[in-house]
Every structure is written in C-alpha cells, then in structure tokens.
Amino acid sequence: MRAPVFVTLCVWVLSDAATRQFTEEEMAAVRQRIKSMFYHAYNSYLDNAFPYDELRPLTCDGQDTWGSFSLTLIDALDTLLVLGNQTEFQRVASLLQDTVDFDIDVNASVFETNIRVVGGLLSAHLLAGRGGMDLEPGWPCSGPLLRMAEDAARRLLPAFQTPSGLPYGTVNLQRGVSPTETPVTCTAGVGTFILEFSTLSRLTGDQTFENVALRALRALWGTRSDIGLVGNHIDILSKKWVAQDAGIGAGVDSYFEYLVKGAIMLQDEELLNMFLEFDRALQNYTRFDDWYLWVQMHKGTVSMPVFQSLEAFWPGLQSLLGNLDSAVRTFQNYYSVWRQFGGLPEFYSIPQGYTVDKREGYPLRPELIESAMYLFRATGDHTYLQLGLDALESIEKISKTPCGYASVKDLRDHQLDNRMESFFLAETVKYLYLLFDPAHFLHGGGAEGDGSWEEGGEGGRCVLGAGGFIFNTEAHPLDPAALYCCGRHAQDRQELRDVLLGLSEPKGQSNPGRAEAPPPGQSESIALKPGERKTPPLSCPVQPFRARFSVLGQVFTDST
C-alpha cells in the first residue's frame with residue numbers, strides 16, 4: 001500500500017520545479033496569456049453555441065447538458081469581472097435577464113443547478129456594484145440577478161420535501177419531483193447547499209432555503225458509521241447507504257468542502273465540529289503516505305487504492321484550516337501525477353502508478369489549480385506558480401482547437417472529446433488567473449481608495465467587498481459581509497437598537513416605529529429563450545459509484 005519510492009521521486013520533481021522564481025513582469029505576462037485563453041473559449045461559445053448550455057469544440061456547435069440555461073454564460077459571468085471586463089459583464093447580466101427562463105419542463109440536477117446557476121447568479125449579483133451596474137435601492141438586498149437566483153432555487157425546493165430532509169438528486173423545474181425518481185443520490189448531492197442557500201436566505205429574508213440546507217446536513221451527519229465515515233451514495237428515503245466506499249473524492253468531495261466553508265461564512269461552530277470529526281476519521285482510516293484511499297465506511301479496510309482528480313481540492317481545503325504541512329505533502333503527490341501526464345486523469349492507480357482503465361480522461365478540471373492558488377497565498381512558494389504555468393501550457397498544447405478547448409478523452413495519447421464543460425470558464429481559468437494575481441480584490445488586495453470597499457444596504461450601512469470572499473464549489477465568490485445586511489439580520493439589528501434606545505429614553509416615551517425588513521423579491525418576467533431542451537444525463541457531478549466497482553478488477557489482479 002505504501003509508495004516510498006514514488007513519494008521520493010515526487011519530492012525531487014517539486015524541488016527541481018521550485019527553483020524558478022517568477023518576477024512581477026513574468027506574472028503579468030502569464031495573466032495576459034490566461035486572458036487570451038479565456039476569450040478564445042468564451043468567444044467561441046458565443047459564436048457557435050449560445051444559447052445552448054455548452055460548446056462542442058470539435059464540431060463548433062452547442063448542446064444542452066444540465067438544464068438548458070445558457071449555462072456557460074451564467075458560469076462565466078463573474079469570471080468576466082475577475083478579468084476586469086466591466087462592459088461585457090454588464091451586457092451579459094442584462095442579456096441573461098432577457099433570455100433565461102427557469103419555468104421550463106426540464107429534469108435538472110439539483111446539485112449542478114445550485115452550484116452553477118444559483119451560485120453564479122448570486123455571485124454576479126454581489127459583484128454588481130463593482131461591475132458598474134445600475135443598482136436598485138437597498139442593494140444587495142434586492143436586484144434582478146438576485147431574483148433570478150431565488151427563482152431557480154425555489155424550483156429546487158420540492159426535492160427537499162422528504163421525511164428525512166435529504167433531497168432527491170433530480171427535480172423537474174415545472175412539476176417538481178417525478179414519482180419515478182430514484183431515491184439514491186450521492187453524498188455531495190445532499191450536502192452541497194449551505195453556501196448558496198444561506199446566502200439566498202440572508203439576502204432575501206426568506207429563511208426557507210437555509211433551513212432546508214441545514215436540515216439536510218444534520219440528517220446526513222446522523223448517518224455516519226460507528227468509525228465516523230460516510231459512504232458516497234445513499235437512499236434518501238431509508239437513509240441506508242447504497243455505496244459504502246468512504247473517501248474524499250467523487251460523490252463526496254464538496255460535502256466536506258461546504259462544512260468548512262459554511263463554518264467560515266456563517267461563523268458556525270456546529271459545521272466546523274462536524275468537519276473536524278470527519279477529518280479525524282479520514283486521517284485515521286483513509287490516509288496513507290499523504291495519499292487518500294477509498295475504504296469501507298464501516299470497517300475502514302481499503303476498497304480502492306486510487307487517486308481521483310476531484311480529490312485535488314483537498315490540499316486547498318486543508319490550507320484554509322491551517323494544516324499546511326499535510327497540505328503541501330499531499331499536493332506534491334498530486335502534482336507529480338500532473339507532470340506524468342500533462343493533466344490529472346479521472347482515476348489514477350496508486351500501486352501501479354498509472355491510469356485506470358476507462359478513467360483516463362481529463363475534462364479540464366480546476367481542482368489542482370485551486371489548491372495551488374490557496375497554497376501560494378499561504379506560503380508564497382513559487383512552486384505553485386510553476387504548476388499554474390505547467391497547466392496553462394498543457395491545456396494550450398493538448399486541448400486548444402479552432403473553436404475553444406476540448407476535454408481530453410485519454411491522457412495517454414491526448415485524444416480529445418467533443419465537450420467544453422462550463423466549469424472551464426467558471427473555475428479553471430478563474431483560479432489560474434487568481435493564482436498569478438495575488439493582489440486581486442478577491443484576495444483582499446488593492447490600495448485604499450481604489451474601490452475595494454463598497455457601501456450597500458439600507459442607508460449604505462453595510463461594508464461590502466472588504467476581502468474574505470468564499471468560493472463555492474464552482475468557484476463563484478460570495479461575500480460574507482453581504483449576509484449581514486439584509487433580511488432577518490437587518491430586522492434583528494433594528495430590534496436591538498429599539499431596545500437600547502428604549503433603555504436610554506425617559507419612561508413613557510415611545511421610540512420610533514421600526515422599519516420593516518425588505519420583503520423577498522418576486523421573480524420578474526423573463527422571456528423564453530430559443531433552443532432545444534434536453535434532459536441532463538446525470539443528477540450527480542460524476543458517474544455514480546456502484547456497490548461493487550468494475551474498476552476494482554482493473555486496479556487489482558487476482559494475486560494482489
């Protein structure tokens with residue numbers, strides 16, 4: 001199970017890579033290359049695929065995948081502002097209001113719609129002031145993008161109407177949950193809502209969203225095994241685990257991410273304690289030589305000694321908790337795989353040191369770049385910039401086509417697949433750019449007086465954009481400061497002021513009437529967009545695990 005030779009090689013490779021130091025001029029030049037990458041992909045989508053969800057870069061056309069939302073445009077909206085393009089940000093924000101309609105007969109993934117659509121619209125709404133948009137009075141507690149986000153999220157709520165509080169994986173945006181819908185969904189599909197839903201509740205004053213997200217998290221917490229682990233697929237009606245493989249990768253990853261980030265955003269000790277208890281079990285049962293394997297959730301025995309590309313978020317998450325030594329060593333292992341192939345295969349056999357059959361692809365995922373961004377911020381080590389440059393050059397060399405960037409079907413021979421997922425523009429390019437821009441406002445950078453801080457809320461009493469943005473699992477930045485401007489928190493503050501004023505006034509003198517909290521916004525009329533509607537293929541972010549993996553026979557031989 002151990003791989004000391006491989007780890008030694010990995011450390012040597014990184015020591016060699018870390019010798020290069022990037023100057024400010026070199027970093028600025030890399031940022032320009034990243035912008036060029038973004039606009040090649042973005043303009044190709046607009047020219048060839050809009051209003052479909054995604055670009056097909058080999059045939060130069062489009063397809064609907066997750067629900068027929070013009071998904072790439074929603075996902076890329078805040079990236080435009082990250083790159084400094086206010087004009088296009090404003091144009092696209094207006095275009096989406098005119099062309100996107102969520103009142104459609106489509107079966108949509110609850111998970112994907114939340115992280116990509118609700119998260120993307122919320123982020124763009126919170127950045128609207130910085131983007132130069134005309135703001136409604138009381139922003140960020142109101143606004144057209146917020147109303148769109150609320151409309152989309154409200155259509156997901158029927159999925160949460162279960163006895164357990166655990167949501168279904170798929171919902172029809174017009175009719176709710178189908179009577180024939182499977183009750184089996186992945187762990188991430190249950191536990192990846194608290195960031196978007198709490199933001200929505202705090203901005204609109206409607207606590208429903210935050211309540212259902214918290215209920216689901218607490219219900220999932222109650223299903224953990226005696227040794228403190230959860231599997232990766234659960235029956236939401238019976239609360240029985242269908243797939244009992246425990247790990248940090250596909251089908252589970254963003255559940256752990258949201259416990260940490262939810263604790264930070266909401267200053268919620270309950271969520272942090274949940275994660276810390278999970279982390280102790282993960283360190284005890286799944287960690288081997290700074291790799292994280294898959295184990296049986298009740299016994300802790302190894303079931304699958306593979307590294308999955310989705311696990312590459314973990315070093316970045318560890319850095320948020322201050323576990324830098326562990327984060328750096330795990331990142332080194334993952335980076336060595338990248339250098340072996342020019343990308344991260346979906347599955348990588350740790351004992352064999354090679355790809356796993358039928359899991360050799362690389363759909364231009366962002367997770368290793370995301371971790372590099374966090375670790376560079378934490379350490380200042382230019383090794384992480386070298387990874388960013390490696391990633392940029394690999395993607396340019398392997399994936400670039402005349403019509404965008406194509407997913408890699410097979411990293412062994414660099415065959416391409418006819419798909420450019422929306423997360424390429426939402427996450428991969430964004431994290432690459434932010435890695436090479438440590439003074440960016442999303443990192444809390446910027447000089448005094450340059451607009452890094454904004455005022456918002458009733459009477460301009462809220463300070464927004466002062467740093468400390470939290471990225472959802474689709475890399476949409478959310479501003480925690482905005483959560484305390486609106487809804488019930490505004491009412492709570494007013495009630496406290498009333499009490500304090502009452503204590504300071506002479507007896508018999510009443511204080512002024514309290515202003516009512518702004519009501520939740522109503523969804524505005526949005527024109528129906530053209531384009532064919534298609535049912536998304538999956539309800540979870542990856543192909544589902546099975547109780548017994550066919551991949552087991554591909555990783556092991558009978559004699560091992």
Side-chain angles (χ1 to χ4, degrees), residues 66 75 109 111-112 114-116 119 169 185-192 229-233 243 245-261 278-279 282 286-287 290-295 303-320 327 330-331 333-338 341 343-350 355-356 358-374 387 391 407-408 411 417 419 421-424 426-428 430-431 471-475 538-546 549 551 555:
W66 292 111
D75 243 356
S109 163
F111 171 92
E112 297 289 355
N114 176 57
I115 67 169
R116 302 196 198 205
T185 190
C186 57
T187 307
V190 170
T192 308
L229 297 173
V230 291
N232 55 68
H233 272 73
D245 298 273
I248 61 170
V252 187
D253 50 354
S254 54
Y255 169 48
F256 295 136
E257 178 186 1
Y258 271 43
L259 290 178
V260 173
K261 291 181 176 179
F278 277 130
D279 192 40
L282 291 166
T286 72
R287 182 178 172 185
D290 300 304
W291 295 95
Y292 290 82
L293 312 184
W294 289 85
V295 303
S303 60
M304 193 168 58
V306 299
F307 158 62
Q308 300 175 353
S309 61
L310 285 169
E311 297 172 16
F313 83 101
W314 188 257
L317 191 69
Q318 290 286 299
S319 75
L320 289 177
T330 298
F331 183 92
N333 286 346
Y334 298 170
Y335 186 16
S336 69
V337 178
W338 180 287
F341 296 100
L344 290 184
E346 293 287 72
F347 282 29
Y348 178 85
S349 169
I350 296 169
T355 61
V356 172
K358 298 183 174 60
R359 294 292 188 273
E360 306 92 348
Y362 170 55
L364 309 183
R365 290 197 187 278
E367 283 78 14
L368 191 63
I369 302 165
E370 173 188 3
S371 284
M373 182 198 75
Y374 282 115
L387 176 277
S407 298
V408 182
L411 277 170
D417 200 4
R419 188 174 185 187
E421 289 235 33
S422 67
F423 60 64
F424 177 66
E427 300 185 77
T428 307
K430 183 185 294 163
Y431 282 134
F471 292 92
N472 86 336
T473 199
E474 190 78 3
L538 300 171
S539 63
C540 282
V542 293
Q543 290 196 5
F545 284 76
R546 305 299 179 193
F549 290 86
V551 76
V555 174

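Quick caveat: nothing in here was measured; it's all calculated off a predicted structure. Nothing fancy with the numbering, it's 1 onward along the sequence.
- In this structure, Y334 contributes its side chain and V337 its backbone to no donor-acceptor pair below 3.5 Å.
- Partners of E370 under the side chain to side chain donor-acceptor pair (under 3.5 Å) rule, at least two apart in sequence or in another chain, do not exist in this structure.
- The two atoms that bring D75 and S422 nearest to each other are OD2-OG, 2.6 Å, heavy atoms only.
- Distance check: R365 CZ to Q308 CD gives 9.5 Å after rounding to the nearest 0.5 Å.
- Shown here for S349 and V306, the closest heavy-atom pair between the two residues is CA-CG1, 4.3 Å.
- Using a 4.5 Å heavy-atom cutoff, the side chains of F423 and P363 are in contact.
- Minimum interatomic distance between A312 and L368 (heavy atoms only, all atoms of both residues): CB-N, 3.6 Å.
- In this structure the side chain of F331 reaches within 4.5 angstrom of the side chain of L387, judged on heavy atoms.
- Y362 has its ring centre less than 6.0 Å from the ring centre of W338.
- Residues K358 and F347 have side chains not in contact (no heavy-atom distance under 4.5 Å, counting atoms from C-beta outward).
- Contact detail for T330 and P315: the closest heavy-atom pair is CG2-CG, 4.0 Å.
- To the nearest 0.5 angstrom, M304 atom CE is 10.0 Å from I350 atom CD1.
- Between F256 and F278, the ring centre distance stays below 6.0 Å.
- The backbone N or O of V252 sits nowhere less than 3.5 Å from a side-chain atom of N232 that would complete a donor-acceptor pair.
- Donor-acceptor pairing under 3.5 Å is recorded for the side chains of T192 and S254.
- Rounded to the nearest 0.5 Å, atoms OG1 (T473) and OH (Y258) are 5.5 Å apart.
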From CA spacing to verdict: side chain to side chain contact (heavy atoms under 4.5 Å, CB included), K261, F471: CA-CA 8 Å; K261 291 181 176 179; F471 292 92; 4.1 Å; yes
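- Across all their heavy atoms, L282 and T286 have their closest contact at O-OG1, 2.7 Å.
- At distances below 3.5 Å, at least one donor-acceptor pair connects side-chain atoms of N333 with backbone N or O atoms of D290.
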Y255 vs V230, side chain to side chain contact (heavy atoms under 4.5 Å, CB included): CA-CA, chis, key distance, verdict: CA-CA 10 Å; Y255 169 48; V230 291; 4.3 Å; yes
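- In this structure, a donor-acceptor pair under 3.5 Å is absent between the side chains of E311 and W291.
- Separation of atoms OG (S309) and CZ (F341) is listed at 12.0 Å; rounding is to 0.5 Å.
- I369 and A391 make their closest contact through CD1-CB, 3.9 Å (heavy atoms, listed as atom of the first residue, atom of the second, distance).
- In this structure, L364 CG and R419 CZ are separated by 11.0 Å, a value rounded to the nearest 0.5 Å.
- Rounded to the nearest 0.5 angstrom, D253 CG and W314 CH2 are separated by 10.5 Å.
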